[in-house]
Each structure stands twice: as structure tokens, then as C-alpha cells.
Amino acid sequence: MDLQLSVVKGAKVLMVGAGGIGCELLKTLALSGFQDIHIIDMDTIEVSNLNRQFLFRQSHVGQSKSKVARDAVLKFRPHVSIKSYHANVKDPEFNVEFFKQFNVVLNGLDNLDARRHVNRLCLAANVPLVESGTTGFLGQVTVHVKGRTECYECQPKPAPKTYPVCTITSTPSKFVHCIVWAKDLLFAKLFGDKNQENDLNIRSSDGASSSENVVDVFERREGEDIDDYGRRIFDHVFGYNIELALSNEETWKNRNKPKPIYSKDVLSDELAQQNGNVVQDSATDDGLSVSAMSSLGMKNPQDIWSLSENSRIFFESLRLFFMKRGKEIGNLSFDKDDQLAVEFVTAAANIRAASFGIPLHSLFEAKGIAGNIVHAVATTNAIIAGLIVIEAIKVLKNDIKSYRMTYCLEHPTRKMLLMPVEPFEPNESCYVCSETPLLLEINTHRSKLKDFVERIVKAKLGMNLPIIMQGSNLLFEAGDDLDEDMIANYEANLEKVLAELPSPVTSGTMLTVEDLLQEFTCNINIKHREEFDEEKEPDGMLLSGWTQPVSASEKEKEDKSINNGANSSDVTVEAVEDETGVVAVGVKKRRISETSEVAANAAADETNHKQYQVIDDEDDLVVLDGNSDAGNKRKRMQ
Amino acid sequence: MAEPKVKYDRQLRIWGEQGQAALEKSSICLLNSGPTGSETLKNLVLGGIGSITVVDGSKVEEGDLGNNFMVDESSIGQSKAKCVCSFLQELNDAVKAKFIEEYPEELIETNPSFFSQFTLVVATQLVEDSMIKLDRICREANVILIFARSYGLAGFVRISFKEHTVIESKPEHFLDDLRLNNPWPELKSLAEGIELNVQDPVAHKHIPYVIILVKVADEWAKSHGGALPSTREEKREFKELIKARMRGQDEDNYKEAIEASFKVFSPQGISSDLQQIVNDSSAEVDSNSSDFWVLVAALKEFIANEGGGETPLEGSIPDMTSSTEQYVNLQNIYQKKAEADIVAIERRVRSILKKIGRDSNSIPRTTIKSFCKNSRKLKICRFRLIEDEFNSPNLPELQKYLTDEDFSTAVGIYILLRAVDRFAANYNSFPGQYESAMEEDIPRLKSTASGLLNDLGCNGATLAEDLINEMCRFGAAELHAVAALVGGIASQEIIKLITRQFVPMSGTFIFNGIDHKSQLLSL
Ligand SMILES: [Zn+2]
């Protein structure tokens with residue numbers, strides 16, 4: 001059957017991502033008659049990819065995904081032209097000109113940031129985008145054509161969960177708080193960039209008050225024995241720091257007090273011996289295969305270790321980092337596929353949890369929380385890749401009325417496993433694809449330009465190379481082709497509060513922010529506001545103008561424990577990067593099932609009402625009639 | 001580190017070690033190794049299925065290279081089963097892969113006992129006659145059967161099995177089991193010991209909402225002859241009652257209580273779905289009953305006796321605003337009750353087992369525990385014999401589908417997939433298979449479909465012309481994109497069936513690639 005073969009044959013396609021969806025997609029494109037495929041992916045292959053990324057084998061671990069995927073498909077289909085780029089899609093070489101050469105762009109990405117970046121480039125280059133994502137048995141395929149359908153960012157994406165700093169540093173009440181502490185504070189402090197700001201207390205008891213020149217206790221001293229160093233760190237973070245916190249009685253008025261833990265309490269004679277007995281060298285000495293669990297003979301990642309076992313893992317993993325991976329210390333960042341890092345973080349989080357009376361967790365569970373691990377299985381990727389190709393062919397045929405966004409459900413809803421929805425019209429107030437200005441409420445006398453760049457321009461607007469202008473005055477510019485005067489000038493601006501900039505930014509000012517690579521500009525109206533709620537608006541500023549995103553931290557009421565006493569800080573520690581970007585599916589899809597579930601439960605309640613037609617008083621239950629489609633609030637594309 | 005655990009890390013998080021162990025123990029037989037079949041197996045092999053047997057009598061032809069990734073130019077002329085099998089083996093060496101070079105239709109005729117060795121048979125691209133025969137064989141041997149077919153832009157998946165019972169149905173959203181509408185004595189007395197009007201403002205804003213609701217509900221019941229709010233007006237009043245006790249806007253625990261007050265309004269006792277399960281005749285157990293039904297029998301007794309009309313308590317409580325101490329107390333009281341309920345169920349299970357002449361320890365405690373935790377969510381799936389459905393479909397449903405805009409395309413495809421098999425039996429080719437015969441094939445398919453509809457009792461029903469034309473244009477082609485999707489759906493259902501987690505789809509799944517719509521037809 002000759003299925004639209006000519007449009008397919010002549011098409012030039014860009015695939016972004018060669019992971020779970022990417023492998024399936026590349027194969028399906030090649031077998032659907034596509035002849036000219038380009039594929040970008042910056043990642044290398046991991047063992048945990050092999051349960052679904054079927055173009056990769058054990059022997060490929062560590063190699064470039066895009067390249068191996070290309071070679072694997074070419075081996076079976078040598079006549080297809082596939083060009084691979086082992087690179088970050090955010091690199092400047094992939095500019096608007098680059099994107100313009102393609103007929104359609106297909107995303108199989110695993111993070112929100114890159115998705116937003118590609119969305120903007122597709123808008124700027126006027127190339128249709130087919131976007132996708134999966135998590136577990138859930139998945140989605142959406143289509144975005146400039147001016148015809150909504151863009152990827154027309155609907156706000158949920159913000160990643162954040163926790164108040166005091167919860168992480170002083171008053172954890174859940175295991176996740178301990179994980180964030182172990183990963184973002186302790187691990188980062190010991191093995192990461194020493195110059196990064198860190199909220200861990202670095203003063204030790206002996207040096208605390210004696211001199212101005214504070215010695216960082218986390219520094220390993222000249223010639224210090226590694227086991228002594230480990231014990232010193234242990235005693236500082238699990239012992240001394242807890243004692244210090246306990247001394248602030250106000251904090252513990254309504255809380256269970258934590259229990260300080262010192263190495264002498266957990267280090268038995270047997271342990272001292274254990275450390276001596278550890279196999280010093282093994283044949284497989286390449287960095288990532290080093291494991292404290294294997295050197296201690298612990299096998300099952302699903303076991304929950306005792307306090308003493310956690311302590312042994314703590315010491316052993318710390319030791320192994322210094323003995324086997326010393327070169328990496330100083331520039332390590334936590335990676336969920338780094339076994340030793342996961343072991344260290346699990347152990348540290350568990351010891352802290354034990355101290356605070358929080359239930360301990362297995363390495364398997366801790367890894368899931370620390371890595372924000374997305375459930376992934378081959379089946380969903382196969383389904384989604386099939387849908388992407390069918391959708392891409394419609395896009396190439398310009399068959400606009402047949403475009404669909406499709407949601408793949410875990411449980412059939414109203415007799416459907418795949419739920420197709422007609423794409424929505426662009427959101428008229430979308431700051432990305434329309435020119436609507438945003439509104440920023442900010443304390444112009446307290447917030448620095450730096451805060452604005454970090455928390456709004458980069459974090460909220462997703463820009464990488466921003467230029468900030470007030471009228472024709474340049475306030476800030478990023479990039480590596482600037483001369484020294486300008487750099488100095490911008491550096492100085494960054495440290496100034498908004499109202500004191502050379503061209504002051506005050507209530508009523510309009511700022512223009514532009515990203516040259518994304519060819520994306522947006523205007524922001526500034527409104528001065530004096531006070532912000534530290535819990536709910538931890539950024540100390542509030543961006544609005546297009547539909548306000550549902551902030552996860554607000555919605556979930558993360559910190560339920562009593563919060564008096566502890567000194568709050570206006571910084572927040574970001575828990576976990578949102579990796580899937582599928583949250584969007586989750587949310588959209590859930591809107592449907594949640595309503596039906598709640599409605600169904602309530603239906604039993606209101607026996608005289610038909611199922612799916614229950615409206616509780618005060619609107620805390622939502623109506624869902626038999627015909628309503630997903631997201632019935634939005635306007636359909638005509 | 002044990003390497004397989006790392007490899008399966010991402011999926012273990014979906015179905016756990018038990019689910020994975022079930023996959024690794026199972027043996028799957030694939031009939032026909034075209035793209036639909038080979039893609040189905042690929043997904044299972046990657047996930048670590050125990051063993052696969054690929055049955056296909058055909059040789060690889062030039063045309064296969066266009067839609068089947070598992071064969072290449074060097075495979076031409078070789079056994080397709082062999083090529084596909086060796087590709088699959090390369091994906092995961094932990095899987096035992098073998099192939100049989102024989103046509104499935106022949107195997108079905110000549111060696112029906114062959115199929116009884118498998119956990120599950122996945123039959124792809126079979127025509128109606130073979131489907132019916134194979135279904136009878138598998139039903140007899142109690143082997144799970146799943147049909148999958150890709151036909152142009154259309155797809156078909158259908159499970160066939162006598163009875164599939166699920167303890168871990170894992171619904172996405174399910175009301176937590178707090179019993180606020182029917183608190184047991186210990187919860188009541190814990191609530192009684194807590195003073196809502198406590199002076200200390202810190203204490204006041206940290207009373208867990210569970211306690212607030214139990215107390216306010218109790219107060220309500222006392223002044224309403226023991227009844228809880230049921231009318232809209234009463235529910236509003238109830239919420240006002242809680243609101244009135246708030247001392248300030250920052251009392252999150254009271255806000256939570258108002259939000260959760262519907263939990264007080266929900267009816268006591270078990271759901272109608274569960275009622276149906278405990279009333280099922282299979283719950284009258286004998287020595288042939290499965291573990292599941294023995295557990296249901298124990299549950300039934302429990303509900304009628306110590307359960308007081310309720311299932312065993314789940315035992316977990318959600319996060320809520322609370323002082324640590326009160327939260328821990330609350331947690332303990334829920335856990336204790338859950339444990340006591342497990343003990344009660346276990347006692348009943350052991351005695352039932354004894355009564356029906358089985359070893360009273362033959363159902364492990366872990367299973368009983370999991371059963372108790374999931375007892376509100378049990379699911380039973382029964383599938384009709386294909387032959388019964390094909391000969392006498394549920395007529396009112398069929399007629400409804402034919403006239404319902406949402407279903408008409410799906411049911412049209414369903415009918416046409418059967419019609420093309422009849423067509424092929426009559427004309428020795430599928431409609432549109434030869435471009436030159438397209439003109440005459442369209443009316444032929446149309447009349448074949450009408451004939452079929454008449455046979456089914458839908459006299460005079462017709463299908464959309466467009467759909468018939470489209471079906472002819474498909475020319476029985478197996479498109480890779482559709483095959484990948486159908487294979488994805490089929491393998492997903494297989495995982496649900498083998499892990500006995502999640503609820504497999506009921507009825508016939510029809511995918512329509514023209515508008516991405518998929519429907520489940522219950523006929
Ligand atoms: Zn937009």
C-alpha cells in the first residue's frame with residue numbers, strides 16, 4: 001500500500017533525542033519510508049537504558065546514543081540517510097537557520113528545559129513540531145504548528161517541587177527532605193564544586209568563635225587519614241550540627257527532638273575490622289563500577305539497611321570516592337546512574353532520617369527519590385513512536401483537520417486506551433507564541449538584577465543567552481563574544497538592586513528580554529511590591545500574565561510540620577529536576593480520570609444522581625458529563 | 001551489583017520484583033513473525049520475559065524488508081521465524097529464544113496439544129477460521145490467548161481467557177481508607193481524648209483533620225439521630241460547623257478537614273463492584289477453587305462478621321497537618337487495626353483451606369496481606385469465547401455501536417476485518433491487494449460486509465462508503481507504524497496479564513489510524 005509515500009520520501013526530519021522514544025522512532029521512521037533523518041542527542045548509553053532502548057547492547061554502554069542508534073539502524077536499512085549529532089540541542093550550532101532546513105521536528109526528549117528550547121526554535125523557524133513523552137504506561141503525542149495550534153508552552157507546566165531551606169537544613173519531616181539534604185547539600189559539599197553556595201554549616205566546634213578566618217570542616221586536611229576524615233565529617237553533620245540545632249529550644253517546642261549520632265556510637269570493633277578487610281583492589285577499576293555495597297558484600301538494593309549498615313556504607317563510599325575516584329572530586333554532581341553516589345546519598349539520608357525519627361528506606365527507593373526516576377517501559381515507547389510517525393505524516397501532508405493530540409492511558413477511560421483530542425488554538429496570552437507582555441511583581445528596592453536573571457529569565461522563562469533591555473538601554477547581555485568593559489559593566493549591574501540600576505527599574509517600567517539563539521523576545525511590566533510570603537513565594541517575586549502555573553510546592557503543601565522557631569530563609573532548595581516533561585500528560589490526563597474517579601465515588605454517595613453527574617456543594621467536585629473531552633475548557637482549533 | 005537489576009530498574013518501579021519474577025517465569029508463543037508479532041515480542045524480550053517460541057513457516061522475502069526491522073537483505077530466502085528469533089535473542093541473552101518453522105494454521109490443525117506448554121500464546125495476523133480453532137484449544141488448555149492484527153491503518157487486539165483475577169489492580173486514584181464515616185472503637189476513643197477547644201493556638205492548628213472530622217461527625221450524629229449528613233443542605237451545614245471552629249485563616253488542618261469532609265459523607269460498607277465479587281458463585285469454594293476465590297470466601301465471611309460490613313482496613317494514612325506526636329499516634333492506631341484485620345482474615349483463610357481439604361498453609365501470609373490491603377480494589381475479568389462472540393454478538397450493543405457516532409468507525413473496522421477474511425476465502429485475495437482489481441473489489445467488499453451484518457442479525461445496517469473504500473485501499477498491508485503501535489498495546493496487555501497487576505482491557509480493542517481513535521467494543 002502506497003501510503004503518502006512521496007511526502008514521506010521527500011521529507012527532511014529532525015529527531016531530538018535518541019532515548020526510549022528515540023530508538024523506537026528512528027526505527028519506525030526508517031521503516032515508514034523516510035529517507036533523510038537527522039538525530040541529536042547529547043547522552044551516552046547507560047545499563048538502565050537496555051530494558052527499552054532496543055538499538056543498544058551491553059557492549060555500547062558509555063557510547064554516544066545518537067551515533068549508536070544511527071549505526072544500528074543503518075546496519076539493517078543501509079539506504080536511509082541518517083545524520084547523527086552527539087551534542088546538546090541547546091548548542092548555538094542548532095540555531096534558527098539550522099532548524100529551517102527541516103519539514104518537521106520530532107521530539108523524544110527527557111527534560112522540560114530542552115523541550116521549551118526546541119519549541120521556541122520551531123516557532124522562530126516556522127517548522128511544525130511533534131512533541132512526545134512517556135512515563136510508565138502513560139504517554140502523549142502532541143502537534144504544534146505556529147499560528148494554527150497551541151505551542152508547547154501555551155499551557156503552563158507545573159513547576160518542580162521546592163522545599164523551604166529550613167526544612168532541609170534543620171527540620172526534615174519526610175524522607176525526601178533527608179534525600180535533598182544528602183544530595184544537594186552534603187554530596188555537593190564533599191564532592192562537588194567548592195565554590196558553589198551551600199547551606200550546610202561548615203563551622204566546627206573548635207573553630208567556631210575563635211577567629212574570623214573560618215576553616216571549612218569539609219576540607220580534608222593535609223595528610224589526614226581517610227578513615228579519620230570520614231569520622232570527622234560524620235561527627236560534624238550527624239552529631240555536632242544536630243547538637244547545635246538542639247540548642248535552639250524554640251525550634252523543638254512542638255517537634256520531636258532529633259538525636260545526635262556520633263561515629264563512636266555506630267562504629268563497633270567489628271566495623272573497624274571490616275574496614276581493614278576491604279578488598280583493596282579489584283580487576284574492574286573503572287570509575288563507575290566501584291561500589292561500597294559490593295566491597296561490603298551487600299547484595300540486595302531492596303533491603304532496608306540498619307543504622308549501623310548505613311554508617312558502614314557511608315564510610316566505605318566516602319573512602320572509595322577518595323581512593324578510586326579522587327580526580328573527580330570537586331566537579332562531581334549527583335547522577336542517578338552513578339552507583340557509588342547513590343550509595344553515599346542513601347546512607348547519608350538514612351542516617352539523618354534515623355536521627356530525626358523518620359523511617360529508613362532501601363537504596364532502590366532512595367535512588368528513585370533522589371534521581372526522580374521515571375518509570376519507563378518498552379511498550380509505551382512503541383505505542384508513542386507509532387503515533388508520532390502517523391502524526392508526522394499528517395503534518396507533512398498538511399492535513400490540518402486531522403491533527404490530533406493523543407494521550408495514552410493506563411486504564412481505559414470511557415472505553416478508550418488512546419484518547420485523541422483535537423489540538424487547541426494558540427493561547428492568546430501565551431508569552432512565547434503571542435506578544436502579550438508579562439507582569440512581574442517584585443521588590444525593586446531589594447531584588448538585584450542577578451536575582452531577576454536567575455529566578456525569572458533563566459528559571460521561569462527558560463532562556464539561555466538572554467539580553468535585558470530597558471527601552472534602548474542595555475542592562476545585561478550573556479555570551480562569550482563580549483569585550484572586557486562590557487563584562488565588567490554587566491557584572492556591576494548584576495549586583496545592583498533594580499531601582500538603582502543606571503537606568504532605574506521601578507514600578508511601571510517595561511523590560512524587554514530577548515534570547516538571541518531562540519530568537520525569542522518578551523516584554524515584562526514591572527510592578528513594585530514590598531512584601532512576599534516566604535513559604536508561598538520563595539522567589540521573592542511573582543510572575544504572571546499568562547495563565548498562572550500551578551506551583552507544585554504550593555499545591556502539595558509540602559512542609560506540613562510546624563514551622564515556628566526555625567530561622568526561615570528566602571532561598572529554596574530545588575528538590576528534583578523535572579525529568580520527563582510528561583508531567584503535562586500526567587496532569588492533563590489526570591484531570592480526566594481524577595474527576596471521573598471522584599465523581600464515581602461521590603456517585604455512590606448521591607444515589608439519586610446519575611453517575612458522572614455529581615456536583616458537590618462548593619464546587620470541590622467537578623462535573624464530568626459523558627461526552628466531555630479532555631480539557632474542555634479550552635477552545636478547539638477550527 | 002547484580003546487573004539485571006540495574007537493567008530492569010526503570011520497570012521494576014512499575015511492577016516490582018514479584019511482577020518481574022512472574023515475567024521471568026513465563027513462556028510465550030508467537031504465531032507469525034511479521035512486524036506486528038515481532039514488535040510485540042521485542043517489547044517483552046527487552047523486559048526480560050522467560051522464554052519465547054516463534055512459529056512461522058514463511059521465508060523472508062524482499063517485501064518483508066519494507067516493514068520488518070528484524071530481517072535484512074542477508075535474510076532473504078531464510079526462515080523468517082529463525083531470523084526474527086535470532087534478532088530477538090541478541091536483544092537480551094537472559095531470554096530463552098527458539099523458533100519453529102511451521103505455519104501456525106497447520107500447527108493448529110495437526111498438533112493442538114502443542115499450545116498447552118505455554119503461559120500465553122500471542123497470535124498475530126490470523127484469519128477468522130484459525131482464530132476460532134485456536135481459541136477453543138487454548139480455552140481447553142487454560143492458556144491465555146491474545147490476538148493482534150494490523151491491517152493498513154487499522155489495528156485489532158483481543159484477549160481470550162476464561163477468568164483473570166487481579167489483586168493488585170493499581171487504580172490511579174482511589175479514595176483512601178480512613179473510615180471517617182464509620183470509625184472503629186479505638187479511633188473513636190483516640191478522638192475522644194483530644195480536646196478540639198484546646199487553648200494553646202499551636203496545638204489548635206495541629207490537630208489532624210482526621211480527628212476533627214471524627215469528632216464533628218460524632219457531634220452531628222448525636223444531634224441527628226445517629227445519621228451523618230446526606231442532603232446537600234446538611235453537607236453544607238456540616239462544613240459550616242467545621243468552619244466555625246477555625247480560629248484563623250492560617251489553620252491548614254481545618255482547611256484540610258473541610259476539603260476532606262466528603263469522606264464523612266460517603267456511604268458505609270462495601271462498593272457494589274465488590275458486592276458482586278463476593279456474591280459470585282465462585283466464592284462458594286471447593287478443592288478446585290483458586291487461591292483468589294479462597295481469599296474472597298474468607299473476605300465474605302469477614303465482612304459478614306468481625307468486619308461489620310466493611311473490608312479489612314488498609315492501614316495507611318495520607319500526609320496531613322499535624323504535630324508529629326499526634327500523627328504517629330494516628331498512624332499506630334490505623335496500623336494496629338489493619339494488622340488485626342489481617343490476622344482475622346488469615347484465620348478464616350486457614351480454616352477454609354482445611355475445610356476444602358487443602359493444606360491450611362498453602363496460601364502464604366504475604367499473599368493474604370496483599371489481598372487485605374487491596375481488598376477494595378479486586379477485579380475479575382472474564383472473556384467470551386471468540387466463536388460465541390463471532391456467531392452471536394451482543395446484538396443490542398452491536399446495534400448501538402453501529403448508530404453511535406463515537407463507535408461507528410470502530411465497529412465498522414471490526415465488521416470489515418471479519419468481512420475481509422470472508423472476502424479472502426471467496427476470492428483468494430484480500431480486497432485491494434491487487435491494484436488492478438480495486439474497482440471491482442470495493443462493491444464486493446461492500447456486499448460481503450452487508451451479508452455479514454445480515455448474518456449477525458443487523459438486517460439493513462450499512463457501513464460508511466468511505467470506510468469501505470479505505471479498507472480496500474489498505475490492501476491488507478501491514479504498515480510498520482501501525483504494527484509498532486499494535487505490538488506495543490498487545491505487549492502491554494501481556495505484561496498486565498502475566499504480572500497479574502493492573503486491569504487488562506476487556507472487549508475488543510480497535511485502533512483507527514485515520515484519526516488516532518481507539519475503542520473497546522464489548523460484544
Ligand atoms: Zn504558545
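Within every chain, numbering begins at 1; the chains are lettered A, B, ... in the order of the sequence lines, protein sequences first and strands thereafter.
Across all their heavy atoms, B/I495 and A/F137 have their closest contact at CG2-CZ, 4.4 Å. Nearest heavy-atom pair across A/L417 and B/S518 is N-OG, 3.5 Å. Contact between B/K517 and A/P420 at its shortest, heavy atoms only, is CG-CG, 3.6 Å. Closest approach of A/I390 and B/A481 over heavy atoms only: CG1-CB, 4.2 Å.
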Exercise for the section: Please test B/D319 against A/K174 for side-chain contact (heavy atoms from CB on, under 4.5 Å), starting from the C-alpha separation and ending with a verdict. Expected result: CA-CA 10 Å; B/D319 283 329; A/K174 288 183 186 167; 3.2 Å; yes

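For chain A, the nearby part of B/E73 is the side chain; its heavy atoms alone come within less than 4.5 Å. Contacts between B/K205 and chain A at a heavy-atom distance below 4.5 Å are absent for every atom of the residue. Contacts of A/T406 with chain B are made by side-chain atoms alone, with heavy-atom separations under 4.5 Å and no backbone atom involved. Looking at A/F364, the atoms closer than 4.5 Å to chain B (heavy atoms on both sides) sit in the backbone and in the side chain alike. There is no contact between A/V141 and chain B, counting heavy-atom distances below 4.5 Å. At a 4.5 Å heavy-atom cutoff, the contact between B/S169 and chain A is made by backbone atoms alone. At a 4.5 Å heavy-atom cutoff, A/A292 makes no contact with chain B through either its backbone or its side chain. Using a 4.5 Å cut-off between heavy atoms, B/Q268 does not touch chain A at all. Residue A/E391 touches chain B through both its backbone and its side chain, counting heavy-atom pairs closer than 4.5 Å. Residue B/K42 touches chain A through its side chain alone, counting heavy-atom pairs closer than 4.5 Å. Heavy atoms of A/L29 lying under 4.5 Å from chain B are absent altogether.
Each of B/E17, B/Q492, B/Q11 has some count of heavy-atom pairs under 4.5 Å with chain A, and the biggest count is that of B/Q492. The candidate from B/E435, B/M70, B/K170 with the greatest count of non-hydrogen atom pairs under 4.5 Å with chain A is B/K170. Here A/A382 is the residue among A/A382, A/S402, A/A385 with the most heavy-atom pairs under 4.5 Å with chain B. The choice from B/N253, B/L44, B/L65, B/N92 that makes the most heavy-atom pairs within less than 4.5 Å of chain A is B/L65.
Once rounded to the nearest 0.5 Å, the distance linking CD1 of B/I14 with OG1 of A/T380 reads 6.5 Å. Once rounded to the nearest 0.5 Å, the distance linking OG1 of A/T379 with CG of B/L485 reads 11.0 Å. Rounded to the nearest 0.5 Å, atoms OG (A/S48) and CG (B/L12) are 11.5 Å apart. Interatomic distance, CZ of B/R10 versus CD of A/Q53, reported as 9.5 Å (0.5 Å rounding). Atom CZ of A/F54 sits about 9.0 Å away from atom CG of B/N43, to the nearest 0.5 Å. Atom-to-atom distance recorded for B/L46:CG and A/N49:CG is 11.5 Å, nearest 0.5 angstrom.
Counting heavy atoms from C-beta outward, B/L91 and A/R57 have side chains that approach closer than 4.5 Å. Within the 4.5 Å cutoff, no side-chain heavy atoms of B/H480 are placed close to those of A/V389.
Atom CD of B/Q331 has more than 12 heavy atoms from other residues, nucleotides or ligands within 6.0 Å. Heavy atoms of other residues, nucleotides or ligands lying less than 6.0 angstrom from NZ of B/K379 number 12 at most.
Looking at B/E39 and A/K27, a side-chain N of the basic residue comes within less than 4.0 Å of a carboxylate O on the acidic one, giving a salt bridge.
Classification of the A/F76-B/F87 ring pair by plane angle, with boundaries at 30° and 60°, yields perpendicular.
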